[in-house]
Amino acid sequence: MDLALATGIQALSGIATLLLISLGLAIVFGMMRVINLAHGEFLMLGAYSAILAVEAGINLWVAMLVVAPLCVGLLGVVVERLVIRRLYGRMVDTMLATWGLSLALVGAVTMIFGNTVAGFSAPLGSVQIGAYSTSGYGLFLIAATLVLLAAVWAVLRFTLAGLVARGTMQNAGMAAALGVPTERVYALSFAAGAAVSGLAGALIAPMSGVVPTMGTAYIARSFITVITGGASMLAGTSSAAGLLGSVNTLGTFATTPVLGEVLMLAIAIVLLRLLPQGITGRFFRRSL
Amino acid sequence: MTEDRRALLQAVLALLAAGFAAWWLPQVLELFAIINATVYVAMALLALSLALVWGFGGILCFGQAAFFGLGGYAYAVAALNLPDTTYAIPIALGVPMLAAAALGYVMFYGKVSDVYMGVITLTVTLILFNFINSTAGDEWRIGAAPLGGFNGIPATPPLNVPGDPGTALAPEQIFVIAVACLGGCYAVCKLVLRSHFGRVVVAIRENELRAALLGYDVRFHKLAIFAIGGLMAGLAGMLFANCVFVSPTMFSLAYSGQVIIWVMVGGVGTLLGPIIGAMLLQALTAWAGTLPEVNPSLILGLVLVVAVLAIPRGLQPTLAALFRRRTP
Amino acid sequence: MTALLATEGLTMRFGGVVAVDDVNLSVAERELRCLIGPNGAGKSTFFRCLTGQYRPTAGRILWRGRDITGLEPHAIARLGIGIKTQVPSLFDGLTALEGVTLAVRRKHGEREAKRRAMAALERLGIGELAEAQVGLLAHGQRQLVELATVVAPEPDLIILDEPTAGMSAEETAGTATLIREMNRDHAVIVVEHDMQFIRAIASGITVFHQGRILVEDCAERVLADPRVHDVYLGRPPEARMAVPA
Ligand SMILES: Nc1ncnc2c1ncn2[C@@H]1O[C@H](COP(=O)(O)OP(=O)(O)OP(=O)(O)O)[C@@H](O)[C@H]1O
Ligand SMILES: [Mg+2]
């Protein structure tokens, strides 16, 4: 019983991590059809801003929940201005340019902080479940992911900005004809996606350790989660994260972490072969 | 007719240039520089393979390094197991080609769209990288060849004189072979593209639907050009294995990314551009590596961003256009 | 005699929209058939099913009595079906001659293919555009290049989806002549909105409406049919078709 519960929590936290690291990418992809290959570096910068803020004496929670998203969100504004905006509609070029950006960011951060592992230890200690113990921070991550998901959903569903965003997502031409400043919507979406990525990077920092190249470990995984999810950014990403996260955890449990990841990637490829439009191309089509 | 003749002329010129480089450079370069030059040539060949697949086949492959790595590992494993390393060559070419054909079958016959193709090639590369990285234990060996996990296979024997396993080729000779491979592959690419098959491939890049409505099997042509590209990348990997040694980094995203950058900067849709792009950018990266304060990734990344924004067609077409304007 | 091409209960659904609804249409060897119908009647979708671009939801397509439903587009093209799509589908990066040559090259050697391609271009009066890059041509010229691409390989069945849209009056008349010429040896299905044009090529007419066949008859009787008038009168005034008095 306790073992099942512990494994369940393990799987849930795997899913939550996957969802967390993919959400920023999903927002940008869902809203703008832009695949941001510098997404991994946005996570990395979120982690570094949190570390720097903590070292500057700022409260750990403020550093993670406020400073990190703010910093990376601002970077998102700049990147959108300088790069993304010039390449709208050129999907492949955008991928290439953001890949270049990703390399450049890794290079720049390595120059500043060196190629060493930084980080801060996870707060909240550990929680006892029968004979097993699990980290309190892991539970917090699950909760934080749920709250973040709900927040994004609520913004899209209930606010005017959300309505405008959904309209633009459905039909940018029509939205523009109705007087929606699509350029501003795109700029804000990109900044919002970047901020969420920054937040995610800070939140996973205590679990993963922070190095300049940490982005590469995450980009492919989040990339695959988002693409497997398909067009609907919340339903798609959640269902894909749920599926792939469980496969990963169970695979890891049964074999080794590496084979678990290999299994997850292989399943994603099979899925894409069967559902070329992603999960939400076939199921939950009308959802957000 | 004249265009065919021009293609033939270019192919011959390429072979001549390669012949000259192969004869002259070993006389003036130090041993270390020779080995380095061989790496440059192998990488240029890798760039050429992607130039063919992406620039002419219209297939954006984020995982060309996978075939590079497969070629290298196939050579290393075969060379350690076979008495005469000459026999490892067909294996080093066949394995990546078959892998490309299998992957191509899934993608093209499954009618996967562009972006998804990027994702799938990227993912496969990552799977291979993760897998090879985890083969450190002694149970991971193929015949006499331990896979070695993240250490790779440092003990890879180089090519020997065909029929004489006792005499390994010297680095100078490997260099000559590498240059011949690059020149030969360039010539083959030129001729393939002038052939009917090559024109259909380009037509498919231009308009898939129209090509199909004229009776051309889009899937088969894409598969074929992808497999040829896989073979060339494998050849590059084999050359690399002969002057450095194989390790999981051959499969890394960094390599796949670099190839894309070389092709992009050189000019998508050209053959010579990516070769030159590969040489120039490797030199740039090597130079940046000697600067104490600057990280080469920063420079490479900025080059890519600027290239996409400022010269989206790449160096070769941009320079050619400039040149044409000067000399009306 | 079995028909060259026949459909049996051909149906194409997109979610709730039934674009093609239980269509039974048959075309004989060397027949010339006009397909008319208001916008959205399902004509182009019907063609996409015929040429393998869509897999029909239900029904069968028979080519000389053989079931070809679900074949890949290239396999269907190889049977001898050529189509000019409504939106010109061309090799924009190639020259006109290169593109047309590719169309013929599957059956002939390089030299012969080039000769036939050039002949096709000249027949359409655009021989001088042979070396022009197709992507840079005007719409009417693109239509002509695509026509050349389709007729050059001499398919047994030629499908033309609004071939004269965007052409000058002169080019339109030339195209009508070409279609009659082609019809001597090949079956042709042509979609047109222009009644002048339809009268000029005078043939059997099938009227599509909301995915179904409304009327199928000879030209005079179809054009006089009150049901056809009703269907077309629903069209906006700027529509090109002049309802015959
Ligand atoms: N891929 C698709 N997905 C959904 N609906 C479609 C699709 N293709 C066509 N339709 C619908 O099918 C119907 C028939 O369209 P079609 O283009 O075949 O008409 P048409 O007779 O060719 O009209 P036109 O004269 O304007 O060319 C239309 O209502 C159209 O909206
Ligand atoms: Mg139509």
Side-chain angles (χ1 to χ4, degrees), chain B residues 1-8 54-59 105 107-113 191-225 267-271 312-314 316-317 320-321 324, chain C residues 47-48 50-55 71-95 97-111 113-114 117 131 133-135 142 145-146 148-155 157-159 161:
Chain B
M1 232 43 254
T2 53
E3 282 208 27
D4 280 339
R5 220 165 272 167
R6 211 176 66 200
L8 200 64
W54 180 19
F56 293 90
I59 304 160
Y105 182 79
M107 294 195 301
F108 307 134
Y109 283 71
K111 306 222 173 90
V112 174
S113 69
L191 296 180
V192 163
L193 288 173
R194 291 310 304 178
S195 73
H196 176 53
F197 167 80
R199 284 181 209 182
V200 175
V201 168
V202 171
I204 289 172
R205 176 196 70 188
E206 289 294 318
N207 187 341
E208 234 170 77
L209 175 63
R210 182 35 85 195
L213 292 177
L214 291 179
Y216 294 111
D217 189 346
V218 170
R219 308 164 303 176
F220 168 77
H221 281 86
K222 283 191 164 184
L223 180 94
I225 203 79
V268 181
T270 67
L271 291 176
R313 296 163 61 207
Q316 188 186 328
R324 237 175 280 136
Chain C
F47 288 160
R48 290 208 185 98
L50 289 188
T51 52
Q53 297 171 58
Y54 290 155
R55 182 183 270 274
L71 285 190
E72 289 289 318
H74 72 269
I76 292 182
R78 278 163 179 247
L79 296 170
I81 299 181
I83 178 168
K84 198 209 92 53
T85 49
Q86 183 167 357
V87 179
S89 173
L90 291 158
F91 303 119
D92 279 349
L94 308 186
T95 68
L97 183 60
E98 282 171 340
V100 183
T101 307
L102 268 173
V104 209
R105 183 65 173 77
R106 207 161 44 73
K107 289 197 217 149
H108 301 280
E110 185 67 35
R111 208 174 267 265
K114 212 166 218 174
E131 299 302 328
Q133 195 188 323
V134 173
R142 287 167 65 79
V145 172
E146 199 186 14
T149 314
V150 173
V151 300
E154 311 235 332
L157 173 65
I158 300 174
I159 299 174
D161 199 347

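Here is how names work: the chains are called A, B, and so on, in the same order as the sequence lines, proteins then strands, and each is numbered from 1.
The minimum heavy-atom distance linking B:A212 with C:A77 is given by the pair O-CB, 3.7 Å.
Interatomic distance, B:E208 CD to C:S89 OG, rounded to the nearest 0.5 Å: 10.5 Å.
Residue with the most contacts toward chain C among B:V200, B:V202, B:D217: B:D217 (heavy-atom pairs, distance under 4.5 Å). Between chain B and the residues C:G82, C:A103, C:G52, the most heavy-atom pairs under 4.5 angstrom are made by C:A103.
Contact annotation for C:T149: both backbone and side-chain heavy atoms come within less than 4.5 Å of a heavy atom of chain B. Contacts of C:I76 with chain B are absent, with no heavy-atom separation under 4.5 Å from either backbone or side chain. No part of B:R205 comes within reach of chain C, as not one of its non-hydrogen atoms sits under 4.5 angstrom from that chain.
Under a cut-off of 6.0 angstrom, the local environment of CZ in B:F197 is crowded, with over 12 non-hydrogen atoms contributed by other residues, nucleotides or ligands. The environment of B:F220 atom CZ is sparse: at most 12 non-hydrogen atoms of other residues, nucleotides or ligands sit within 6.0 angstrom.
Here the side chains of C:V150 and B:R210 are in contact, with some heavy-atom distance below 4.5 Å. For the pair C:D92/B:N207, no side-chain contact is recorded, criterion being any heavy-atom separation below 4.5 Å from C-beta on. Contact annotation: the side chain of C:R105 approaches that of B:Y216 to within less than 4.5 Å [non-hydrogen atoms, C-beta and beyond]. Residues C:L102 and B:H196 have side chains in contact (heavy-atom distance under 4.5 Å, counting atoms from C-beta outward). Between B:R199 and C:L94, every side-chain heavy-atom pair lies at or beyond the 4.5 Å cut-off.
A donor-acceptor distance shorter than 3.5 angstrom exists from the side chain of C:R106 to the backbone of B:L214, with no hydrogens or angles considered.
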